[in-house]
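As C-alpha cells, the structure follows; a few thoughts come after it.
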Amino acid sequence: MAHQVNVFAQNRPGRLERLTEVLKDEGINIRAITIAGTEEFGVVKLLVDDPKKAHRALLREGFSAYLKEVIAVIMEDRPGGLHRVCRVLGESGVNIEDAYGFVVQDRGTAVLVVEVEKIPEAEKVLREGGFELMTDEELYSL
Amino acid sequence: MPKGDFWNPEMELLDRGEIEALQMKRLREVLERCERSPFYREWFREAGFYPHKVCSLADLRSLPPMDKDTLRGGDPRRFLTVPLEDVVRLHSSSGTTGQATVVFHTARDIEAWTELVARCMYMTGVRRSDVFQNMMGYGLFTGGLGFHYAAERIGCLVIPAGSGNSRRQIQLMRDFGTTVIHVIPSYALYLLDVFRELGLDPKRDTALRIALIGAEPHTESLRLRLEESYGFKAYNSYGLSEMSGPGVAFECPFQEGMHVWEDSFILEVLDPDSLEPVPVGEEGELVFTSLHREGMPLLRYRTRDLAYVYPDTCRCGRSHRRISRIKGRTDDMFIVKGVNIFPMQVERVLLGILGVGSNYQIVLDTVGSRDEMRVLVEVSGDIWHGEVRELNRLRRRITEQLRREILVTPLVELVEPGTLPAGEGKAVRVVDKREHVREE
C-alpha cells in the first residue's frame with residue numbers, strides 16, 4: 001500500500017504556488033501530481049517521496065491535507081500495459097474511483113496510482129493477476 | 001367611520017394630551033389583565049412591581065423590559081391572559097429550532113390589528129376601489145395575513161398572490177389592473193428586471209399607484225428609484241410579530257418618518273446599554289408596550305431595532321409621533337428577502353453537520369438586482385477525508401439544511417482553513433455589502 005497527500009484548495013490564483021513552496025522548503029520531491037476540481041475548489045493529489053513528512057508540513061502551514069491510502073501498480077510501459085491492469089480490476093468488479101499514471105524513465109516501466117474503496121480486495125486481485133505493487137519506500141527510492 | 005383622509009379620525013386626530021391620557025387608561029386595563037397570566041404574575045413579583053401602584057406612564061419604567069429571550073424561555077401559553085380556547089390564531093417568527101417566538105391572538109386581537117393596518121393603508125390613500133395585490137408570504141409570517149385582512153376591511157379587491165413567481169405577479173397586475181401592492185423592496189427592485197425581460201414598462205403597462213414596502217431595511221435612494229421606475233408612491237411600513245405584525249408604524253403621505261399608533265402602543269426609545277430613555281431626536285432602541293391586545297399583551301418589549309423619534313409635529317395633522325427608518329440592530333440579526341436571520345442559526349446547522357465548530361462567514365451582496373446570501377465555511381482537516389465527492393456532498397448538505405432552518409437558500413462556499421477572520425472575540429460573522437440596505 002502506498003500513500004498520497006490530498007490537499008483541499010480553492011480555485012484561485014497563487015494557491016498552488018504556496019503549496020509547492022511548502023514542499024520545496026521541506027525538500028520534498030514530487031513524483032506525480034493531479035488536480036481533481038470543480039468550478040470553485042479542487043483537490044490536489046500529490047505522490048511524493050515522503051508522504052508523511054509532506055502531510056505534516058502542509059498541516060503545519062494551515063492547509064487542509066489528508067493522507068490517503070492508494071495502490072501503486074507497476075505496469076509495462078508499452079501498448080496494452082494499462083489495459084491489462086484495468087481488465088483485472090474490472091473483471092473482479094473493483095470500481096476505480098480515481099487514477100493517474102506516470103512513467104519511470106530509466107526502467108521502461110510505468111506506475112498506475114489507483115484510488116478504490118476496498119483497498120485489500122483490490123490489492124489481492126492485482127497480486128493474483130501477477131502485478132507488482134509498490135510501497136511508500138519503493139516509491140521513495142524511485 | 002372613515003372621514004376625509006382618516007380611517008379612524010377619532011384616534012388619528014387625538015392631541016398629545018389626549019393620547020397620553022388614553023395610554024394611561026389603557027395601560028391600567030392591560031396591567032390588570034396581565035395579572036391573570038402566570039408569566040406576568042411571576043414577572044411582577046420578581047421585579048417587586050405593583051401594577052395597581054402605577055399612576056403615570058413613567059411608573060411603568062420600574063418594570064424591567066422583556067425581549068425575545070424572555071419569550072423563548074418556556075411555554076408561550078404562560079403569557080396568555082385568556083383561556084386557550086379563546087385564542088383563534090397564532091403567528092410565529094422565523095427560526096425553527098427553539099428560536100421561534102409565538103404570539104397568540106384572540107378574535108378581538110385580530111380585529112384590533114386589522115383596524116390598525118387598515119388605518120395605515122387608508123392613510124397612504126388606499127380606498128375600496130383599489131385592487132390590492134399582496135405579494136408577501138402568507139402563513140406564519142404576519143405580513144401576508146395582516147395586510148390581507150386590512151385590505152378586505154377597507155373593501156379593496158384583494159389578490160392574495162403571496163411571494164415569488166415573478167411572471168405570474170406581473171400577469172396578475174395586468175389582468176386585474178392592480179393599483180396597490182404590498183412588497184419587499186428588494187423584490188420590487190428585482191421585479192423591474194423581469195418587466196424588462198418581458199418587454200414591459202411598469203409605468204406604462206400597469207395601473208400601479210401605491211406600494212407598501214416593508215419587512216426589510218432599505219435606503220431612501222432605493223425608494224426613489226422604485227417610485228421613479230414604477231410610477232407609484234412607496235410608503236414605508238414598520239412592525240414586528242411580537243407587536244402583532246405590520247401596523248405598528250407607517251408613513252403618511254408626507255413620507256417623513258413613520259407614525260407610531262400611540263393609542264395602541266406605548267413607545268419608548270432607550271439607550272440599549274443603560275436602558276434609560278434617550279433625548280428626543282437621538283437614536284436608541286425602540287421598546288413597545290401593546291395596549292390593544294388582550295390575549296397576549298407584551299410590556300416593554302425590546303425590539304432590538306435602532307431608530308430615532310422626530311422632534312416636530314407632522315404636517316398631516318396627526319400627533320402620533322414619528323420614528324425614522326430603522327438604522328440598525330442592537331443584536332446580530334440580519335434580514336434577507338424579508339426573512340429575519342440570526343448568525344446563531346447558521347452556526348447551529350454547521351455544528352450539527354460537521355460535528356465540530358467551524359469558522360464561517362456570512363456575506364450579503366447585491367448581484368444584479370437580487371440579494372444574495374453566501375455562507376463561507378472553512379474546510380478543516382478534521383471534517384474532510386480527502387475526496388472531491390465528499391466536498392460536493394458536504395456543500396449540498398449544508399445548503400439544504402440551511403434552507404430548512406432559515407427559509408432562504410444560501411450559496412455555500414467551501415474555503416481553505418485560515419482564509420476567514422479568526423473565530424475568537426468579535427469575529428466579523430456577517431459582512432453586508434448590499435447597497436440598498438443602509439445609507440451612510
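In what follows, every heavy atom counts, from backbone to side chain, and hydrogens, waters and symmetry copies are set aside. Naming: A, B, ... by sequence-line order, numbering from 1 per chain.
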Please determine whether the number of non-hydrogen atoms from other residues, nucleotides or ligands lying under 6.0 Å from atom CD of B:Glu228 exceeds 12. no

Just by modelled atom types, is the B:Pro417 backbone N or O under 3.5 Å from a matching donor or acceptor in the A:Ser64 side chain? no

Do you know which two heavy atoms are closest between B:Leu391 and A:Phe41, and how far apart they sit? CB-CE1, 3.5 Å

Relative to chain B, which segment of A:Val5 carries a heavy atom at a distance below 4.5 Å: side chain, backbone, both, or neither? neither

Grab the two heavy atoms, one from B:Val412 and one from A:Glu40, that are nearest each other, plus how far apart they are. O-OE1, 4.5 Å

Is it the side chain or the backbone of B:Glu378 that comes within 4.5 Å of chain A heavy atoms, both, or neither? neither

If you define the side chain from C-beta out and look only at heavy atoms, does anything of A:Phe8 sit under 4.5 Å from B:Leu414? yes

Residue pair A:Arg12 / B:Thr419, side-chain heavy-atom distance below 4.5 Å: yes

Within the distance-only criterion (no hydrogens, no angle test), does the side chain of B:Glu416 pair as donor or acceptor with the backbone N or O of A:Gln10 below 3.5 angstrom? yes

First locate atom CD of B:Glu387, then atom CG of A:Asp98, and finally report the distance between them rounded to the nearest 0.5 Å. 7.5 Å

Taking atom CZ of B:Arg389 and atom CD of A:Glu97, what is their separation to the nearest 0.5 Å? 4.5 Å

Any idea which heavy atoms bring B:Trp384 and A:Tyr66 closest together, and the distance? O-CD1, 3.5 Å

CZ of B:Arg225: more than 12 outside heavy atoms within 6.0 angstrom? no

Does B:Arg168, at its CZ atom, have more than 12 non-hydrogen atoms belonging to other residues, nucleotides or ligands within less than 6.0 Å? no

